[in-house]
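Structure record follows, encoded as structure tokens.
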Amino acid sequence: MNIFKNLNDAQREAVEVTRGPLLILAGAGSGKTKTLTHRIANLVVNHGVQPGEILAVTFTNKAAGEMRERLGNLLGGASEHATPGSAQGRLAEVTPSRSSSFSANSRNFFPYMGTFHSICVRILKIEAENLEHVPKNFVIYDDDDRQALIKRAMKELSIDDKQLKPRAVSSMISKAKNDCVGPDEFAAAANHPIQKAVAQIYARYERARRDTGALDFDDLLLETVRMLKNHPEIRQHWQGRFKYILIDEYQDTNAVQYKMVKLLVNKDKNICVVGDDWQSIYSWRGADFTNILNFEKDFPGAKVIKLEQNYRSTQPILDAAHKVITKNKNRTNKKLWTAIEQGEQVQITRLNDETEEAAMVAARILQRVSAGVRKFSDFAILYRVNAQSYAFERAFMQAHVPYRLVGGVRFYDRREVKDIIAYLRLLYQPNDLVSFNRIVNMPVRGVGEASLLKFNTYWANSGASIVEALVAADEDSGLTARARQNLNNLGNLLYLLRDKVENGTATPGEVVEELVKEIGYKEHLNDDTPQAEDRLENLGALISEAAHYETLDEFLNDVALLTSADEDTGDKDKVTLMTLHVAKGLEFPVVFVVGLEEGLLPHARVNDYTGDDSELEEERRLLYVGMTRAKEELIMTHASSRFVYGKRQYVLPSRFLEDLQEGAGNFFAGSTPANTFEDFEIQPYEVGDRVKSMQFGVGSVVDVDGLAVRVNFDDGVSKLLNVQYARLEKL
DNA sequence: CGGTTGCACTTTTTT
DNA sequence: AGTGCAACCG
């Protein structure tokens, strides 16, 4: 097998340089994944490296799955000869086993591959017995779980959740954790009253979370870093184990992840990071692309390789994307090039509103598909916020355009699924307070606020776990006989199921089935509502999902770490709908980037009056990412008005469209030629002005709000008009 | 205790 | 517009 065949010079070099620190600056579409997989294959095949000695960190579980698949293809039958790693060396389950193209037997063959989070879970589960604050059977709290606990902490501290939003507190705590700042340090640095309040909540939250046997998303990383820092022998073990480290999307690593990398790299410094600062779009969750800019400083003597040939897009698409991104000041310099010189021109189209926008897109797709030029799966619609998908879903349904929605509500976030998962978590971790609160009266078992309060007191005094307290609750608990009976039953059920899980008499699938039957959950779901059928269907899907797992432990971990983008939506012939963030790393023959308007892209929350352009630049990178997903055709749209918060608002074209216009010449084609933007001059109107509209006749201005002007026309019609588009003339 | 009704808030992006 | 939460009544 020749691993180097099919690689260009830069890619080949990136594969060949196996020793020492290596930075691969990989532009969009430059064959990054290919290079990474070839690199791993080269290590294994030509350098005698055991797969288990390689750590490969990806940004999403899906990316890990893809890399695994490509590696499998590359190595072909080699897996049969591979020596299985230790028991710990099994492949991280990143997607339910059904979607993996490999049998469970081939797992040992593969490197540690996955997201930072999933890798941390694996390491922490292994090391839990050596760690004070990490129980072996920890559960993973997602954002909702964390917020529930924060709310509770705020209530206990009598902090009004209207004045200080639990969500805001949650994100402040998250930020602190991502900066490796604990509650004490946070309190010490707090001087503003809000910070002081948050410090109190933070401390209380942490205590509650620990008592409850849970780690939140950020803890997974933080506890791993703490462990590596504070336990030299553990650090040495893992440093010795991971002889080669690869990190993809390095521009999106945050402070904790950076620290972890530094702690995991051993004296040989065989670390290879791959990334592109132009595609850094996660600073809002703490990512810091200076990590990639500073790599050479962090690892002196690092080799730097640039992958600048783009294999994905045509020249016109690349030129347009380049025009946008080069408006950013804070960035590295590079020049992508493509051998595909010929191609369709980039189009910009203006529509009246989101309905027309979606209808136009649907019509265009249908036209191309029925002409036999394209298939549905060639198309992707990319937008800034999930809410934009509604209009497209409606239009596509109407036009019978098959589509798949990536992202949005996770399967595991559906209410019925979360209920059952909460039961499973509680029987797995009998102190999981958040799960207990969720299910204690679901389905209704006559335990309301008053009973719950009594039970909580009883439980707190007992010093036992929640499940133990449920079983033990007697007359002394002060509970009414009925409530006590019901709580006892709940506890007994959880005990029974836990036993079955622990001694292996029941698989996760069987446990879920028995649970559903025992609590009468199907009857509970089967109410009169029209959604009942969907819910029952989801419940069925959950049961069959659980059936793919051997242990509850594995199942719960996957449930917690899978994102909606990881969900297998099937490879049917469908148009893809997703956010720009989710689109990173993907490519499609035809891409529509929609909603290019001020307030949407750049998003309204972007601060652009402070003189700090960093947020605006991130929005621009987001557009760049979207544009560079296109292989052959790129169409960008914007609407004149849009429904926001249930109100129709007039919106301006995105300033990023002006970036594209410069030196455009005949660059653009489509229903809106580039010169649309030339007559942008806005005439000021005042209340009382007499105006004339080509469409509506003569009238008086009665209200002015920015560019939106309300005109009462003389024929009695009142219209809200955008002065940029309504062809108004001042009289 | 539990269901209903009305009101407030939402929307950035995700591991 | 849809959802989630608080207050109210049966």
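Reminder, nothing fancy here: chain letters follow the sequence lines and each chain counts from 1.
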Whether A:Thr60 contacts B:dT15 is assessed here as follows: a side-chain N or O lying under 4.0 Å from the phosphate OP1 or OP2. Is that the case? no
What does A:Val444 touch in the nucleic acid at a heavy-atom separation under 4.0 angstrom: a base, only the sugar-phosphate, or nothing? sugar-phosphate
Atom NZ of A:Lys155 and atom P of C:dC5 are separated, to the nearest Å, by 10 Å
Which of residues 213-226 of chain A have a heavy atom under 4.0 Å from DNA chain B? A:Phe217
With the side chain of A:Arg482 defined as its heavy atoms from C-beta on, choose the nearest nucleotide among B:dT14, B:dT11, B:dC1. B:dC1
In whole Å, I'd like the distance from the CG atom of A:Leu623 to the C1' atom of B:dT13. 15 Å
Nearest-Å distance for atom pair CD/P, residues A:Glu249 and B:dT14: 14 Å
Find the distance A:Gln147:CD to B:dT10:P and express it as a whole number of Å. 12 Å
Of A:His638, A:Arg642, A:Gln388, the residue whose pairing with A:Glu357 passes side chain to side chain donor-acceptor pair (under 3.5 Å): A:Arg642
Quick one: do A:Glu475 and A:Arg484 make a salt bridge, cutoff under 4.0 Å? yes
Nearest nucleotide by nearest heavy atom, which residue falls closer to the 5' end of DNA chain B, A:Ile281 or A:Leu452? A:Leu452
Measure the acute angle between the ring planes of A:Tyr549 and A:Phe555, then classify it against the limits of 30° and 60° as parallel, tilted or perpendicular. tilted
Whether A:Lys418 and A:Asp142 form a salt bridge (side-chain N of Lys/Arg under 4.0 Å from carboxylate O of Asp/Glu) is what I want to check. yes
Nearest whole angstrom, please: distance from the P of B:dT13 to the CG of A:Leu382. 15 Å
Under 4.0 Å between any heavy atoms, over every strand shown, what does A:Asn441 touch: base, sugar-phosphate, or nothing? Just pick one. sugar-phosphate
Quickly work out the A:Trp284 CH2 to B:dT11 P distance and round it to whole Å. 13 Å
Check every strand shown and say whether A:Tyr282 touches a base, only sugar-phosphate, or nothing at a heavy-atom separation below 4.0 Å. sugar-phosphate
Sugar-phosphate only, base, or nothing, as touched by A:Arg621 at under 4.0 Å among non-hydrogen atoms: nothing
Just say parallel, tilted or perpendicular for the rings of A:Phe59 and A:Tyr282, cut-offs at 30° and 60°. tilted
Closest-nucleotide ordering on DNA chain B, the 5'-leading residue of A:Glu618 and A:Lys165: A:Lys165
When the C1' atoms of C:dA6 and B:dT11 are considered, how many whole Å apart are they? 23 Å
Between A:Asp277 and A:Arg621, does any side-chain N to carboxylate O distance fall below 4.0 Å? no
Ring-plane angle category for A:Phe455 and A:Tyr458, please: parallel below 30°, perpendicular beyond 60°, tilted otherwise. tilted
NA contact type, A:Ala450, heavy-atom cut-off 4.0 Å: base, sugar-phosphate, or nothing? sugar-phosphate
Side chain of A:His581, heavy atoms from C-beta onward: which of B:dT11, B:dT14, B:dT15 has the nearest atom to it? B:dT14
A:Lys584 side-chain N/O to B:dT13 phosphate OP1/OP2 under 4.0 Å: no
Applying side-chain hydrogen bond (donor to acceptor under 3.5 Å, both in side chains) to A:Ser654 and A:Glu597, what does each step give before you reach the verdict? CA-CA 4 Å; A:Ser654 167; A:Glu597 295 136 30; over 6 Å; no
Looking only at side-chain N and O atoms, does A:Arg167 come under 4.0 Å of OP1 or OP2 in B:dT11? yes
Of the listed nucleotides (B:dT14, B:dT15, C:dC5), which one gets closest to any side-chain atom of A:Lys151? C:dC5
Give the rounded distance in Å between these two atoms: NZ of A:Lys418 and P of C:dG4. 11 Å
Residue pairs involving residues 530-539 of chain A (criterion salt bridge (charged side-chain N to carboxylate O under 4.0 Å, His left out); sequence neighbours excluded): A:Glu416-A:Arg535
When the distance from CZ of A:Arg648 to P of C:dA1 is rounded to whole Å, what number comes out? 12 Å
B:dT13, B:dC1, B:dT15: which one has an atom nearest the side-chain heavy atoms of A:Thr579? B:dT13
Does a nitrogen or oxygen in the side chain of A:Ser118 sit under 4.0 Å from OP1 or OP2 of B:dT15? no
